[in-house]
Amino acid sequence: MEELSLTKLDVVRRAIEEAATVQEVKSTMDAAKAMETYARQQHVGEEIKIKLAEYILRAERKLGEMIDAAKKAGQITFNHGNQWAVPNENTPKTTLTEAGISRKLSSEAQKIAAIPKEEFEHRIAGEKETGKASNLSPKRIVHGSNGKPAQRHRIQKPPAERPQADQVLQLLKEAKLSHEQIAQQLGMTHDQVRHIGE
């Protein structure tokens with residue numbers, strides 16, 4: 001593999017942004033993970049490792065968004081083998097396994113995608129400030145460094161901007177949406193919705 005540089009990493013970033021199918025995102029993420037392994041073996045600078053870890057997280061988030069959107073559109077279903085089926089460029093449906101996506105990766109990607117965009121960006125920025133690529137892991141972004149949901153970079157809206165509790169209760173009751181879906185729809189955190197629901 002050629003020597004890694006920030007310019008070469010920019011190609012990875014663009015490929016993730018331009019990926020239009022689950023398979024393209026997965027392929028780009030695999031390439032970034034291979035580069036990350038190479039970077040560790042070659043003891044390259046931490047800046048490059050941090051960028052690679054960030055791009056992998058962004059690819060996982062995009063993958064989670066695509067899977068979630070396909071599920072909501074009815075394009076993703078369970079087949080008889082209890083596997084998720086998703087569309088690709090050639091056929092209307094394929095299983096996640098055929099796309100090279102494990103249940104663990106699918107679940108992890110959807111958890112990352114469930115974090116509101118602004119909050120996700122704050123969590124990324126906060127972990128980058130530590131100067132350690134290892135802190136840019138899916139587990140830390142989703143759960144924080146102590147295994148609990150990340151609080152450090154959570155954005156709290158002023159009380160005047162928070163949706164009324166009755167809106168949350170109405171969506172829980174009538175629309176039967178999950179806490180995560182309501183939080184995304186109303187711009188709240190999962191914990192706020194859960195607290196109101198209890």
Side-chain angles (χ1 to χ4, degrees), residues 1-70 84 86 88-89 94 96-156 180 184 189-190:
M1 187 177 282
E2 296 177 33
E3 183 155 343
L4 293 176
S5 68
L6 293 175
T7 306
K8 288 186 172 119
L9 296 186
D10 199 45
V11 173
V12 173
R13 180 189 57 77
R14 283 196 316 272
I16 291 166
E17 290 170 358
E18 294 169 4
T21 66
V22 167
Q23 290 82 357
E24 287 173 2
V25 174
K26 176 65 167 67
S27 176
T28 304
M29 189 167 52
D30 288 345
K33 284 182 178 180
M35 291 171 83
E36 185 182 45
T37 300
Y38 178 79
R40 276 196 308 269
Q41 292 169 346
Q42 297 301 311
H43 307 291
V44 300
E46 200 65 21
E47 183 182 7
I48 288 177
K49 291 180 197 173
I50 287 170
K51 285 212 176 280
L52 279 168
E54 177 187 353
Y55 296 160
I56 290 167
L57 280 169
R58 291 187 185 283
E60 279 198 44
R61 179 176 172 82
K62 186 168 186 175
L63 179 66
E65 289 170 342
M66 289 176 138
I67 291 170
D68 188 53
W84 286 108
V86 296
N88 68 23
E89 64 275 358
T94 183
L96 287 178
T97 302
E98 290 168 344
I101 299 165
S102 67
R103 281 180 183 247
K104 180 181 175 186
L105 175 57
S106 172
S107 173
E108 190 174 83
Q110 289 177 75
K111 285 178 186 172
I112 294 170
I115 300 168
K117 183 167 177 44
E118 195 174 353
E119 188 175 333
F120 173 76
E121 294 300 334
H122 278 280
R123 291 182 190 187
I124 290 274
E127 296 300 350
K128 282 170 69 174
E129 285 175 13
T130 67
K132 294 182 179 179
S134 60
N135 286 352
L136 283 159
S137 69
K139 184 175 182 178
R140 282 183 73 105
I141 293 299
V142 172
H143 299 291
S145 59
N146 58 5
K148 296 178 182 172
Q151 299 283 330
R152 190 172 359 151
H153 308 293
R154 180 160 288 159
I155 297 167
Q156 296 294 333
E180 290 84 5
Q184 272 188 316
T189 66
H190 174 268

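For the atom pair CD (Q23) and OG1 (T28), the distance works out to 11.5 Å, reported to the nearest 0.5 Å. Between atom CD1 of residue I101 and atom OG of residue S106 there is a gap of 7.0 Å, rounded to the nearest 0.5 Å. Between atom CD1 of residue I141 and atom CD of residue E119 there is a gap of 10.5 Å, rounded to the nearest 0.5 Å.
Take R14 and apply the side-chain hydrogen bond (donor to acceptor under 3.5 Å, both in side chains) test, not counting sequence neighbours, and it matches D10. Taking S137 as the reference, K139, R140 meet the side chain to side chain contact (heavy atoms under 4.5 Å, CB included) condition, with sequence neighbours excluded. Residues meeting the salt bridge (charged side-chain N to carboxylate O under 4.0 Å, His left out) test with E54, sequence neighbours left out: R58, K128.
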**Q.** Evaluation steps, salt bridge (charged side-chain N to carboxylate O under 4.0 Å, His left out), between E121 and K117
**A.** CA-CA 6 Å; E121 294 300 334; K117 183 167 177 44; 3.5 Å; yes
(Q) Between L63 and I67, is the side chain to side chain contact (heavy atoms under 4.5 Å, CB included) condition met? List the steps. (A) CA-CA 6 Å; L63 179 66; I67 291 170; 4.0 Å; yes
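Shortest non-hydrogen contact noted between V12 and M35 is CG2-SD, 3.5 Å. Nearest heavy-atom pair across A19 and K62 is O-NZ, 2.8 Å. Of all the heavy atoms in I112 and P138, the pair that sits closest is CD1-CB, 3.8 Å. Here the shortest heavy-atom pairing between A39 and L52 reads CB-CD1, 4.1 Å. Here the closest heavy-atom approach between residue L136 and residue L57 is recorded as O-CD1, 3.4 Å. Residues A32 and I56 share a closest heavy-atom pair of CB-CG1, 3.7 Å.
A distance-only check finds no donor-acceptor pair linking the side chain of R123 to the backbone of I115 [under 3.5 Å]. Between the side chain of T37 and the backbone N or O of K33, at least one donor-acceptor pair lies under 3.5 Å. Between the T130 side chain and the E127 main chain, a donor and an acceptor come within less than 3.5 Å of each other.
In this structure, K132 and S134 have side chains that are in contact, with non-hydrogen atoms separated by less than 4.5 Å. Between I16 and V25 the shortest side-chain heavy-atom distance does not fall below 4.5 Å.
Just one of E60, R13, M29 meets the side-chain contact (heavy atoms from CB on, under 4.5 Å) condition when paired with Y55; it is R13.
A salt bridge links R61 to E65: at least one charged side-chain nitrogen sits closer than 4.0 Å to a carboxylate oxygen.
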